Amino acid sequence: MYSTVQPENHVIQLKLTNGIPPSKPSYGIDSPMGLCLSSILAPLYLYASLKGKFDAWDKLLAELPADVFELPALDVGCGRGMVLLKIAKYKGDAVSAGAGKTIYPVYGVDLFIKADQSGNSPKATYNNAASLGLLDQIVLHTADFTQLPFADDTMGLVTASLSIHNVAKESREKAIMEAARVLRPGGLLVVLELSGYANQYCRILKSLGWEKVGFQLAGRQVMFGAWPCQILRATKPTRTMNYCDMAT
Ligand SMILES: C[S@@+](CC[C@H](N)C(=O)[O-])C[C@H]1O[C@@H](n2cnc3c(N)ncnc32)[C@H](O)[C@@H]1O
(Lines give C-alpha, C1' and ligand atoms only; values in the text may rest on other atoms or scores of the structure.)
Protein backbone atom coordinates (compact mmCIF):
# COMPACT_ATOMS: atom_id res chain seq x y z
CA MET A 1 0.00 0.00 0.00
CA TYR A 2 2.77 2.45 0.91
CA SER A 3 5.71 3.62 -1.19
CA THR A 4 7.62 4.91 1.83
CA VAL A 5 7.81 3.85 5.47
CA GLN A 6 4.18 3.85 6.61
CA PRO A 7 3.51 7.25 8.20
CA GLU A 8 1.83 7.42 11.60
CA ASN A 9 -1.89 6.64 11.48
CA HIS A 10 -3.40 9.31 13.76
CA VAL A 11 -6.45 7.13 14.36
CA ILE A 12 -4.43 4.46 16.16
CA GLN A 13 -2.51 6.98 18.25
CA LEU A 14 -5.59 9.07 19.17
CA LYS A 15 -7.63 5.97 20.11
CA LEU A 16 -5.13 5.47 22.92
CA THR A 17 -5.11 9.02 24.23
CA ASN A 18 -8.35 10.75 23.27
CA GLY A 19 -11.28 11.14 25.65
CA ILE A 20 -14.98 10.85 24.85
CA PRO A 21 -15.69 12.34 21.39
CA PRO A 22 -18.28 15.10 20.89
CA SER A 23 -21.81 13.91 20.13
CA LYS A 24 -21.92 15.69 16.74
CA PRO A 25 -19.28 16.34 14.06
CA SER A 26 -18.22 19.90 13.26
CA TYR A 27 -16.25 20.92 10.21
CA GLY A 28 -15.17 24.56 10.55
CA ILE A 29 -15.02 27.25 7.86
CA ASP A 30 -12.91 27.06 4.70
CA SER A 31 -10.28 29.80 4.52
CA PRO A 32 -11.54 32.25 7.19
CA MET A 33 -9.55 34.94 5.32
CA GLY A 34 -11.55 34.19 2.16
CA LEU A 35 -14.73 34.68 4.17
CA CYS A 36 -13.56 38.17 5.29
CA LEU A 37 -12.60 39.08 1.71
CA SER A 38 -16.00 38.02 0.40
CA SER A 39 -17.44 41.13 2.09
CA ILE A 40 -21.15 41.62 1.26
CA LEU A 41 -21.18 38.19 -0.42
CA ALA A 42 -20.25 36.56 2.92
CA PRO A 43 -23.69 34.90 3.25
CA LEU A 44 -23.07 33.03 -0.03
CA TYR A 45 -19.60 32.04 1.17
CA LEU A 46 -20.91 30.79 4.50
CA TYR A 47 -23.67 28.81 2.80
CA ALA A 48 -21.14 27.16 0.45
CA SER A 49 -18.79 26.28 3.30
CA LEU A 50 -21.37 25.07 5.82
CA LYS A 51 -23.99 23.44 3.60
CA GLY A 52 -23.53 23.75 -0.17
CA LYS A 53 -20.31 21.73 -0.50
CA PHE A 54 -21.78 18.96 1.69
CA ASP A 55 -24.81 18.67 -0.62
CA ALA A 56 -22.59 18.79 -3.71
CA TRP A 57 -20.48 15.89 -2.43
CA ASP A 58 -23.55 13.87 -1.42
CA LYS A 59 -24.64 14.07 -5.04
CA LEU A 60 -21.18 13.38 -6.48
CA LEU A 61 -20.61 10.28 -4.37
CA ALA A 62 -24.14 8.95 -4.94
CA GLU A 63 -23.43 8.97 -8.69
CA LEU A 64 -20.41 6.64 -8.36
CA PRO A 65 -20.71 2.90 -8.94
CA ALA A 66 -21.30 1.12 -5.61
CA ASP A 67 -18.34 -1.24 -5.99
CA VAL A 68 -15.86 1.67 -6.02
CA PHE A 69 -16.43 1.94 -2.25
CA GLU A 70 -15.05 -1.56 -1.70
CA LEU A 71 -11.61 -0.50 -2.94
CA PRO A 72 -9.05 1.66 -1.10
CA ALA A 73 -9.93 5.35 -1.46
CA LEU A 74 -7.97 8.51 -0.77
CA ASP A 75 -9.14 12.04 0.07
CA VAL A 76 -6.31 14.55 -0.51
CA GLY A 77 -6.41 17.60 1.74
CA CYS A 78 -9.15 15.96 3.83
CA GLY A 79 -9.14 18.67 6.51
CA ARG A 80 -11.72 17.94 9.19
CA GLY A 81 -13.09 15.07 7.13
CA MET A 82 -16.19 16.22 5.25
CA VAL A 83 -15.56 14.02 2.15
CA LEU A 84 -13.42 11.45 3.97
CA LEU A 85 -16.31 10.61 6.30
CA LYS A 86 -18.95 10.56 3.57
CA ILE A 87 -16.83 7.89 1.83
CA ALA A 88 -16.29 6.12 5.17
CA LYS A 89 -20.07 5.97 5.63
CA TYR A 90 -20.45 4.13 2.29
CA LYS A 91 -17.75 1.73 3.46
CA GLY A 92 -19.41 1.23 6.86
CA ASP A 93 -22.71 0.47 5.13
CA ALA A 94 -20.97 -2.06 2.86
CA VAL A 95 -19.46 -3.77 5.92
CA SER A 96 -22.87 -3.86 7.66
CA ALA A 97 -24.49 -5.30 4.54
CA GLY A 98 -22.20 -8.22 5.40
CA ALA A 99 -21.64 -9.75 1.99
CA GLY A 100 -18.35 -11.05 3.36
CA LYS A 101 -16.33 -8.98 0.90
CA THR A 102 -13.18 -7.18 1.99
CA ILE A 103 -13.96 -3.47 2.27
CA TYR A 104 -10.79 -1.40 2.24
CA PRO A 105 -10.58 1.86 4.22
CA VAL A 106 -10.51 5.44 3.02
CA TYR A 107 -7.21 7.23 3.61
CA GLY A 108 -7.12 10.94 4.45
CA VAL A 109 -3.97 13.00 4.04
CA ASP A 110 -3.50 16.62 5.02
CA LEU A 111 -1.00 19.08 6.46
CA PHE A 112 -3.85 20.40 8.67
CA ILE A 113 -3.26 24.09 7.93
CA LYS A 114 -5.55 26.22 10.11
CA ALA A 115 -5.55 29.16 7.65
CA ASP A 116 -7.15 26.83 5.07
CA GLN A 117 -9.85 25.50 7.42
CA SER A 118 -10.67 26.77 10.91
CA GLY A 119 -9.84 24.38 13.75
CA ASN A 120 -7.99 22.07 11.36
CA SER A 121 -6.13 19.21 13.13
CA PRO A 122 -5.89 15.42 13.10
CA LYS A 123 -7.74 15.43 16.43
CA ALA A 124 -10.67 17.40 14.96
CA THR A 125 -10.95 14.86 12.11
CA TYR A 126 -10.60 11.96 14.55
CA ASN A 127 -13.37 13.39 16.77
CA ASN A 128 -15.68 13.77 13.77
CA ALA A 129 -15.06 10.15 12.73
CA ALA A 130 -15.55 8.95 16.31
CA SER A 131 -18.81 10.87 16.73
CA LEU A 132 -20.13 9.22 13.54
CA GLY A 133 -18.88 5.73 14.53
CA LEU A 134 -16.59 5.56 11.49
CA LEU A 135 -13.12 5.10 13.03
CA ASP A 136 -12.76 1.57 11.62
CA GLN A 137 -13.23 2.83 8.08
CA ILE A 138 -10.55 5.54 8.03
CA VAL A 139 -6.77 5.90 8.11
CA LEU A 140 -5.46 9.42 8.74
CA HIS A 141 -1.98 10.66 7.93
CA THR A 142 -0.18 13.98 8.05
CA ALA A 143 1.26 14.10 4.53
CA ASP A 144 1.76 16.52 1.67
CA PHE A 145 -0.47 15.82 -1.34
CA THR A 146 2.41 16.74 -3.65
CA GLN A 147 4.35 13.74 -2.29
CA LEU A 148 1.92 10.99 -1.43
CA PRO A 149 3.25 8.11 0.69
CA PHE A 150 1.29 5.51 -1.33
CA ALA A 151 2.46 3.03 -3.95
CA ASP A 152 1.50 3.32 -7.64
CA ASP A 153 -1.89 1.94 -8.79
CA THR A 154 -3.38 1.35 -5.33
CA MET A 155 -6.55 3.47 -5.03
CA GLY A 156 -9.94 2.88 -6.64
CA LEU A 157 -11.03 6.47 -5.91
CA VAL A 158 -9.17 9.71 -5.23
CA THR A 159 -11.12 12.81 -4.16
CA ALA A 160 -10.04 16.39 -3.55
CA SER A 161 -12.38 19.04 -2.18
CA LEU A 162 -11.18 22.65 -2.35
CA SER A 163 -7.67 21.58 -1.41
CA ILE A 164 -5.28 21.62 -4.38
CA HIS A 165 -5.77 25.32 -5.29
CA ASN A 166 -4.14 26.21 -1.96
CA VAL A 167 -0.63 25.47 -3.31
CA ALA A 168 1.48 27.15 -6.02
CA LYS A 169 1.06 26.25 -9.72
CA GLU A 170 3.99 23.79 -9.89
CA SER A 171 2.81 22.11 -6.68
CA ARG A 172 -0.72 21.82 -8.11
CA GLU A 173 0.78 19.98 -11.06
CA LYS A 174 2.64 17.65 -8.71
CA ALA A 175 -0.54 17.03 -6.70
CA ILE A 176 -2.51 16.01 -9.81
CA MET A 177 0.39 13.82 -11.01
CA GLU A 178 0.48 12.16 -7.59
CA ALA A 179 -3.28 11.56 -7.55
CA ALA A 180 -2.96 10.04 -11.03
CA ARG A 181 -0.01 7.88 -9.98
CA VAL A 182 -1.68 6.30 -6.94
CA LEU A 183 -4.97 5.56 -8.74
CA ARG A 184 -5.25 2.06 -10.13
CA PRO A 185 -6.16 1.66 -13.83
CA GLY A 186 -9.92 2.25 -14.12
CA GLY A 187 -9.82 4.26 -10.87
CA LEU A 188 -11.81 7.49 -10.52
CA LEU A 189 -10.63 11.00 -9.75
CA VAL A 190 -13.29 13.43 -8.50
CA VAL A 191 -12.34 17.03 -7.67
CA LEU A 192 -14.45 19.95 -6.44
CA GLU A 193 -12.39 23.07 -6.94
CA LEU A 194 -12.64 26.85 -7.20
CA SER A 195 -13.39 27.85 -10.76
CA GLY A 196 -10.35 28.37 -13.00
CA TYR A 197 -8.19 25.53 -11.70
CA ALA A 198 -9.87 22.55 -13.38
CA ASN A 199 -8.48 23.60 -16.76
CA GLN A 200 -4.91 23.13 -15.55
CA TYR A 201 -5.80 19.76 -13.96
CA CYS A 202 -7.44 18.57 -17.22
CA ARG A 203 -4.40 19.55 -19.26
CA ILE A 204 -2.10 17.59 -16.96
CA LEU A 205 -4.29 14.48 -17.09
CA LYS A 206 -4.60 14.67 -20.87
CA SER A 207 -0.81 14.97 -21.15
CA LEU A 208 -0.65 11.66 -19.23
CA GLY A 209 -2.83 10.02 -21.86
CA TRP A 210 -6.08 10.21 -19.89
CA GLU A 211 -9.04 10.55 -22.25
CA LYS A 212 -12.04 10.28 -19.95
CA VAL A 213 -11.61 13.73 -18.40
CA GLY A 214 -14.23 16.44 -18.08
CA PHE A 215 -15.34 19.32 -15.90
CA GLN A 216 -18.43 21.44 -15.39
CA LEU A 217 -19.64 24.29 -13.20
CA ALA A 218 -20.77 23.08 -9.80
CA GLY A 219 -23.87 25.23 -9.35
CA ARG A 220 -25.15 27.99 -7.13
CA GLN A 221 -24.88 26.12 -3.84
CA VAL A 222 -21.08 26.32 -3.94
CA MET A 223 -20.41 30.02 -4.55
CA PHE A 224 -17.52 31.08 -2.30
CA GLY A 225 -18.57 34.73 -2.36
CA ALA A 226 -18.29 35.73 -6.03
CA TRP A 227 -16.21 32.62 -6.80
CA PRO A 228 -18.04 29.62 -8.27
CA CYS A 229 -16.69 26.07 -8.22
CA GLN A 230 -16.05 23.42 -10.83
CA ILE A 231 -16.33 19.65 -10.67
CA LEU A 232 -13.76 17.53 -12.45
CA ARG A 233 -14.33 13.84 -13.08
CA ALA A 234 -11.71 11.61 -14.69
CA THR A 235 -10.98 7.90 -15.10
CA LYS A 236 -7.46 6.51 -15.21
CA PRO A 237 -6.98 4.60 -18.45
CA THR A 238 -5.98 0.97 -18.28
CA ARG A 239 -2.69 1.69 -20.11
CA THR A 240 -0.84 4.90 -19.22
CA MET A 241 2.47 6.58 -19.88
CA ASN A 242 5.37 6.07 -17.52
CA TYR A 243 4.91 8.54 -14.65
CA CYS A 244 8.64 8.72 -13.92
CA ASP A 245 9.29 9.80 -17.51
CA MET A 246 6.57 12.45 -17.24
CA ALA A 247 7.98 13.87 -14.01
CA THR A 248 11.49 14.43 -15.40
C1 LIG B 1 -10.34 24.54 2.27
S2 LIG B 1 -9.69 23.18 3.14
C3 LIG B 1 -10.76 21.87 2.54
C4 LIG B 1 -10.80 20.67 3.47
C5 LIG B 1 -11.75 19.57 3.04
N6 LIG B 1 -11.29 18.94 1.83
C7 LIG B 1 -13.16 20.08 2.89
O8 LIG B 1 -13.63 20.27 1.76
O9 LIG B 1 -13.80 20.31 3.93
C10 LIG B 1 -8.15 22.82 2.26
C11 LIG B 1 -7.32 21.73 2.91
O12 LIG B 1 -6.14 21.50 2.13
C13 LIG B 1 -5.07 21.23 3.04
N14 LIG B 1 -3.79 21.42 2.37
C15 LIG B 1 -3.27 22.56 1.85
N16 LIG B 1 -2.06 22.32 1.30
C17 LIG B 1 -1.80 20.98 1.47
C18 LIG B 1 -0.73 20.13 1.08
N19 LIG B 1 0.33 20.58 0.42
N20 LIG B 1 -0.82 18.81 1.39
C21 LIG B 1 -1.90 18.33 2.07
N22 LIG B 1 -2.95 19.10 2.44
C23 LIG B 1 -2.91 20.41 2.15
C24 LIG B 1 -5.34 22.19 4.18
O25 LIG B 1 -4.65 21.86 5.34
C26 LIG B 1 -6.86 22.08 4.31
O27 LIG B 1 -7.22 21.06 5.19
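Order of listing sets the numbers, starting from 1, for every ligand and every atom in it. Please read these numbers as outputs of a predicted model, since none were measured by experiment.
Compare T142, L192, D144, D110 by their heavy atoms: the one nearest to atom 27 (O) of ligand 1 is in D110.
Heavy atoms of L162 come nearer than 4.0 angstrom to ligand 1 in at least one pair. Taking 4.0 Å as the cut-off, L111 counts as a neighbour of ligand 1 on heavy-atom distance.
Closest to atom 12 (O) of ligand 1, if we only count protein heavy atoms, is S163 CB, 3.6 Å. In terms of protein heavy-atom proximity, atom 7 (C) of ligand 1 is closest to K53 NZ, 3.3 Å. Regarding atom 23 (C) of ligand 1, its nearest protein heavy-atom neighbour is F145 CE2, 3.3 Å. Closest to atom 1 (C) of ligand 1 among all protein heavy atoms lies D116 O, 3.1 Å.
Aromatic rings from F215 and Y201 are positioned such that their centres are separated by 6.0 Å or more.
Of all atoms in ligand 1, listed by their number and element, those nearer than 4.0 Å to a heavy atom of A143 are 20 (N), 21 (C). Near M82, meaning under 4.0 Å from any of its heavy atoms, are these atoms of ligand 1: 8 (O), 9 (O). Ligand 1 places these atoms under 4.0 Å from at least one heavy atom of V167: 16 (N), 19 (N). Using a 4.0 Å cut-off to heavy atoms of G77, the atoms of ligand 1 that qualify are 4 (C), 5 (C), 6 (N), 11 (C), 12 (O), 22 (N).
Between the side chain of T125 and the backbone N or O of S121, at least one donor-acceptor pair lies under 3.5 Å.
A salt bridge is absent between K59 and D55: the closest approach of a Lys/Arg side-chain nitrogen to an acidic carboxylate oxygen does not fall below 4.0 angstrom.
Among the atoms of S161, some N or O lies under 3.5 angstrom from an N or O of ligand 1.
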Would you check, one step at a time, whether the test side-chain contact (heavy atoms from CB on, under 4.5 Å) holds for K123 with H10? CA-CA 8 Å; K123 191 172 167 191; H10 295 300; over 6 Å; no

